[in-house]
S.K.: 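Here's a structure for you.
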4 protein chains.
Amino acid sequence: MAPKPRTSPRKPPQQARSKATIDAILTATARVLVKEGFDRASTNRIAEAAGVSVGSLYQYFPSKEALVAALVERHTDLMSAELSSAFERVAKLPLAAAARELVELLLRAHAIEPALHKVLIEQVPRVGRLGHVHDVEARSMRLQRAWMEMHTDELRPVDLDLAAFVVVTSVEALTHAATIYHPKKLTDGSLATEITALVVRYLGKPSARVA
Amino acid sequence: MAPKPRTSPRKPPQQARSKATIDAILTATARVLVKEGFDRASTNRIAEAAGVSVGSLYQYFPSKEALVAALVERHTDLMSAELSSAFERVAKLPLAAAARELVELLLRAHAIEPALHKVLIEQVPRVGRLGHVHDVEARSMRLQRAWMEMHTDELRPVDLDLAAFVVVTSVEALTHAATIYHPKKLTDGSLATEITALVVRYLGKPSARVA
Amino acid sequence: MAPKPRTSPRKPPQQARSKATIDAILTATARVLVKEGFDRASTNRIAEAAGVSVGSLYQYFPSKEALVAALVERHTDLMSAELSSAFERVAKLPLAAAARELVELLLRAHAIEPALHKVLIEQVPRVGRLGHVHDVEARSMRLQRAWMEMHTDELRPVDLDLAAFVVVTSVEALTHAATIYHPKKLTDGSLATEITALVVRYLGKPSARVA
Amino acid sequence: MAPKPRTSPRKPPQQARSKATIDAILTATARVLVKEGFDRASTNRIAEAAGVSVGSLYQYFPSKEALVAALVERHTDLMSAELSSAFERVAKLPLAAAARELVELLLRAHAIEPALHKVLIEQVPRVGRLGHVHDVEARSMRLQRAWMEMHTDELRPVDLDLAAFVVVTSVEALTHAATIYHPKKLTDGSLATEITALVVRYLGKPSARVA
DNA sequence: AATGAATGAGAATTCATTCAT
DNA sequence: GATGAATGAATTCTCATTCAT
């Protein structure tokens with residue numbers, strides 16, 4: 001009888017060997033997810049791809065959900081890290097410049113492991129801890145709101161929370177959609193220009209408008 | 001598991017009874033999907049919920065994928081129908097008015113079967129024919145482009161395809177996100193106002209600006 | 001992910017075929033249990049022994065526990081039926097005669113499927129519904145108490161509940177132990193004589209003593 | 001699963017530290033057995049509970065069966081020791097007094113680690129060396145027989161082996177059943193009185209009867 | 001057309017046991 | 001002696017799909 005699976009990570013590795021194994025498993029998970037899709041990514045297949053026994057997989061990840069959740073976290077952490085670090089850099093830039101910088105940054109962030117990102121977005125059910133792909137958005141929203149608070153004089157009057165929601169949701173969606181449907185426009189700058197325009201026009205005072 | 005499933009519909013309904021059965025099955029599918037989630041929605045469970053034998057289910061839908069695809073189609077058709085019909089009505093309105101109308105329409109459209117919509121968006125893997133939830137967007141984009149072509153004089157200069165992509169993707173994403181995370185703001189109009197502002201400011205000439 | 005297994009029986013069979021399948025499964029369960037022991041009796045092995053697919057097994061028994069519980073029930077029902085029917089027959093006999101009859105009856109009851117009984121007693125963990133092997137004792141205790149109430153004049157003064165507990169527990173234990181460790185003494189009558197003496201001497205008035 | 005396990009003890013403890021380790025393991029086994037039940041008591045869990053590595057566990061116990069068997073032995077030894085020592089004390093007492101003493105002793109013996117005793121009786125499959133929980137009964141039977149040989153003049157004529165079997169089996173069963181189903185009656189003396197009556201009346205001459 | 005019994009590959013997960021460090 | 005990472009066969013259970021009635 002299979003008891004209810006846990007979702008929290010299992011024990012911390014205590015030997016160097018473990019670290020390597022964990023890494024191999026996560027990397028294999030990404031590979032299998034991309035190659036086979038979420039539904040065909042069984043724990044056995046993943047273990048095999050990692051060159052590890054299923055037992056080892058379950059030693060570190062108590063369930064399939066925990067495994068994918070860990071991968072999601074690793075992925076979003078990577079993306080968030082870049083965003084956070086950039087925030088300080090653009091904190092003092094005026095609207096148009098900051099927007100352009102951030103949009104480009106976000107596009108770059110999504111270009112890191114686009115295939116994995118796509119699978120995570122499209123196929124992983126947004127349920128339980130798996131939904132945390134969307135944590136990036138939550139963090140982005142907080143940063144966005146913080147930036148707006150520091151620049152209210154440049155902005156038309158807005159409800160900060162609502163505006164942050166609108167901006168981040170739109171930009172994220174455009175980035176994802178572009179990744180999936182228009183990968184070429186990600187690199188030639190045309191998309192960055194459009195998204196920047198969207199944000200600047202939405203938030204800016206008429207006088208502050210930049211073409 | 002048996003051989004690979006077909007995906008094309010099996011046979012056209014030839015009697016009234018068939019229609020009723022098909023309808024019962026699709027409705028049951030929606031109910032089970034919402035109640036149990038995609039993963040626990042087995043064909044047996046759906047058949048039972050429909051008061052029909054599995055055999056009958058397979059008489060009309062050659063595979064689970066075909067079944068869900070049919071439901072997706074029914075759902076998107078419902079939404080698209082409203083959009084198309086509204087298009088004629090707003091075709092001649094100026095930017096600000098048209099935008100407001102369409103945004104409100106879209107929000108209303110998403111309010112029809114929000115629970116089903118949410119499951120379809122969040123849990124159904126966007127693979128193969130199942131990805132057609134996104135057909136709505138494609139149709140919306142065509143309509144949006146058509147409208148813009150008719151109103152170029154009101155708009156700042158834009159790449160029509162790109163702008164349609166930006167507008168539709170953003171508005172859709174905001175609608176979905178609002179459905180899921182801010183259901184209350186859907187009804188009090190505050191969201192409609194923000195989204196309208198986003199679109200009008202993005203597309204409009206500086207002079208044509210409406211606060 | 002395997003959800004918590006149910007323990008209640010599944011759906012009632014609606015075709016004659018089902019009945020046969022259910023029977024085949026239960027019979028195979030008994031056979032495998034006896035031949036392989038509880039731990040080696042996997043659902044797959046049982047299904048194979050029944051000439052049926054695992055799927056069919058789970059169609060009727062939602063978990064391994066439910067399966068074994070059903071077998072336990074079938075077995076205890078068989079035993080209880082004999083006991084209950086005999087009760088009426090001995091209801092009017094005096095102590096010594098009734099005791100002898102009942103003891104012999106019980107010994108016969110345990111001789112029906114002794115190998116299965118042994119496995120059920122020795123190897124099936126007495127947990128949850130599986131513990132119901134012991135229902136026979138509960139029922140026996142009620143019958144025993146009823147008999148004693150009708151014959152208080154033949155008995156020394158006793159706490160009826162306590163005495164029923166003492167009598168039934170002892171007799172059951174002796175029967176089981178004999179089944180397992182002294183199968184020969186079950187048939188030659190010597191054991192029946194001893195157990196009868198135990199009961200009669202324990203319950204009877206000194207004057208009513210039978211050697 | 002690896003090759004078939006050995007069952008014989010691995011090596012004699014040669015240092016004080018070993019003794020302590022072995023003890024920690026056995027104690028942990030008892031704790032886990034009681035807390036989790038036999039089926040969920042894995043060697044890994046036991047090792048962890050003992051604050052020892054699985055490797056160490058296998059250093060001293062070559063298999064899970066050997067481990068549990070050792071615990072069973074420790075437990076039964078504890079119980080038997082008391083019984084044997086008491087035997088000398090009651091060897092010269094007359095029937096009624098001896099019976100009362102022994103019954104009370106047995107009840108006390110079962111009160112030592114009742115939770116462990118219960119798990120051992122109810123959940124540990126009585127197979128192979130694990131069946132040795134029942135060794136206590138065998139030893140008891142020998143002692144009982146010895147006592148009866150010394151007191152034939154007080155007893156009605158009986159087959160000594162058969163009578164020892166009847167007495168010990170009944171008393172044991174009553175003690176177990178009481179431990180599980182009527183723990184309260186264990187302490188208030190009422191049960192001891194009943195069981196003593198059962199034994200004395202079964203074995204005694206009519207004239208020697210004690211109420 | 002409908003029924004529902006039957007199928008069986010495959011998925012997640014556990015656990016006794018080994019062995020390199 | 002001790003550690004704990006690694007193993008992988010085995011187990012329970014699900015579910016899309018078929019087909020005899």
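Numbers restart at 1 for each chain; the letters A, B, ... are given by sequence-line order, proteins then strands. From a predicted model like this one, the values you see are computed outputs, not experimental measurements.
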S.K.: Identify the heavy atoms of B:Val32 and B:Arg45 that sit nearest to each other, and give their distance.
M.R.: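 So the two residues come closest at CG2-O, 4.4 Å.
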
S.K.: Of the options F:dT7, E:dA2, F:dT11, whose atoms approach the side-chain atoms of A:Val52 most closely?
M.R.: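 Nucleotide nearest to A:Val52's side chain: F:dT7.
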
S.K.: Look at the side-chain N and O atoms of B:Thr43 and state whether any lies under 4.0 Å from the OP1 or OP2 oxygen of F:dC15.
M.R.: no

S.K.: Could you tell me whether B:Glu48 atom CD has more than 12 heavy atoms of other residues or ligands within 6.0 Å of it?
M.R.: no

S.K.: Which nucleotide sits closest to the side chain of B:Asn44: E:dT13, E:dG4, F:dA16?
M.R.: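 Of the options given, the side chain of B:Asn44 lies nearest F:dA16.
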
S.K.: Give a yes/no answer on whether the side chain of A:Tyr60 brings an N or O atom under 4.0 Å of OP1 or OP2 in F:dA6.
M.R.: yes

S.K.: Looking at C:Arg45, I'd like to know whether one of its side-chain N or O atoms comes within less than 4.0 Å of OP1 or OP2 on F:dT11.
M.R.: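 True: C:Arg45 side-chain N/O within range (under 4.0 Å) of F:dT11 OP1/OP2.
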
S.K.: What is the separation between atom CD1 on D:Ile46 and atom C1' on F:dG4, rounded to the nearest whole Å?
M.R.: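 Whole-Å distance recorded here is 17 Å.
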
S.K.: Determine whether a donor-acceptor pair (N or O, by modelled atom type, separation under 3.5 Å) exists between the side chain of A:Thr29 and the backbone of A:Ile25.
M.R.: yes

S.K.: Checking contacts here: which listed nucleotide (F:dG1, E:dC15, F:dT18) is nearest the side-chain heavy atoms of B:Val54?
M.R.: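 The answer is F:dT18, which lies nearest to the side chain.
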
S.K.: What nucleotide, of E:dT7, F:dA6, E:dT13, holds the atom closest to the side chain of A:Ser56?
M.R.: F:dA6

S.K.: Does a donor on one side chain sit under 3.5 Å from an acceptor on the other, for D:Tyr60 and D:Ser18?
M.R.: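 There is such a pair (donor and acceptor under 3.5 Å, judged by atom type) between the side chains of D:Tyr60 and D:Ser18.
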
S.K.: Where each residue is assigned the nucleotide of DNA chain F containing its nearest heavy atom, which of D:Gly51 and B:Ala41 is assigned the position nearer the 5′ end?
M.R.: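 Here D:Gly51 is the residue nearer the 5' end.
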
S.K.: Using whole Å, what does the distance between atom C1' of nucleotide F:dC15 and atom CG of B:Leu67 come to?
M.R.: 14 Å

S.K.: Do the side chain of A:Ser56 and the main chain of A:Val52 share a donor and acceptor less than 3.5 angstrom apart?
M.R.: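 No; judged by distance alone, with no hydrogens or angles, the pair does not exist.
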
S.K.: Provide the Watson-Crick or G-U wobble partner of E:dA2, both distances under 3.5 Å; none if there is no partner.
M.R.: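 Partner of E:dA2: F:dT21.
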
S.K.: Hunt down the Watson-Crick or G-U wobble partner of F:dA16, both distances under 3.5 Å, from any strand shown, or write none.
M.R.: E:dT7

S.K.: B:Ser53 side chain N/O closer than 4.0 Å to the phosphate oxygens (OP1, OP2) of E:dT3?
M.R.: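 True: B:Ser53 side-chain N/O within range (under 4.0 Å) of E:dT3 OP1/OP2.
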
S.K.: Rounded to whole Å, please give me the gap between OH in B:Tyr58 and C1' in E:dA5.
M.R.: 15 Å

S.K.: Looking only at side-chain atoms of B:Ser63, point me to the closest of F:dC13, F:dT7, F:dT17.
M.R.: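 Closest nucleotide among those given: F:dT17.
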
S.K.: Rounded to the nearest Å, what distance is computed from the CG atom of residue A:Leu57 to the C1' atom of nucleotide E:dC15?
M.R.: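 It works out to 15 Å between those atoms.
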
S.K.: Please report the distance, rounded to the nearest Å, between CG in C:Asp23 and P in E:dA5.
M.R.: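 Going from CG in C:Asp23 over to P in E:dA5 covers 16 Å.
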
S.K.: Measure CD/A:Glu48 against P/E:dA12 and give the value in whole Å, please.
M.R.: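 Spelled out: CD on A:Glu48 to P on E:dA12 is 13 Å.
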
S.K.: Round to the nearest Å and state the distance from D:Arg40 atom CZ to F:dT11 atom P.
M.R.: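 These atoms are roughly 18 Å apart.
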
S.K.: With heavy atoms under 4.0 Å as the rule, sort C:Asp39 into base, sugar-phosphate or nothing.
M.R.: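 Answer is nothing: C:Asp39 stays at 4.0 Å or more from every strand.
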
S.K.: The side chain of B:Lys64 is closest to which nucleotide in this list: F:dT17, E:dA16, F:dT12?
M.R.: F:dT17

S.K.: Sub-3.5 Å donor-acceptor pair from the side chain of B:Thr76 to the main-chain atoms of B:Glu73, do we have one?
M.R.: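 Yes; at least one donor-acceptor contact below 3.5 Å.
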
S.K.: Can you check the A:Gln59 CD to E:dT13 P distance for me, whole Å?
M.R.: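 Atom CD in A:Gln59 sits about 15 Å away from atom P in E:dT13.
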
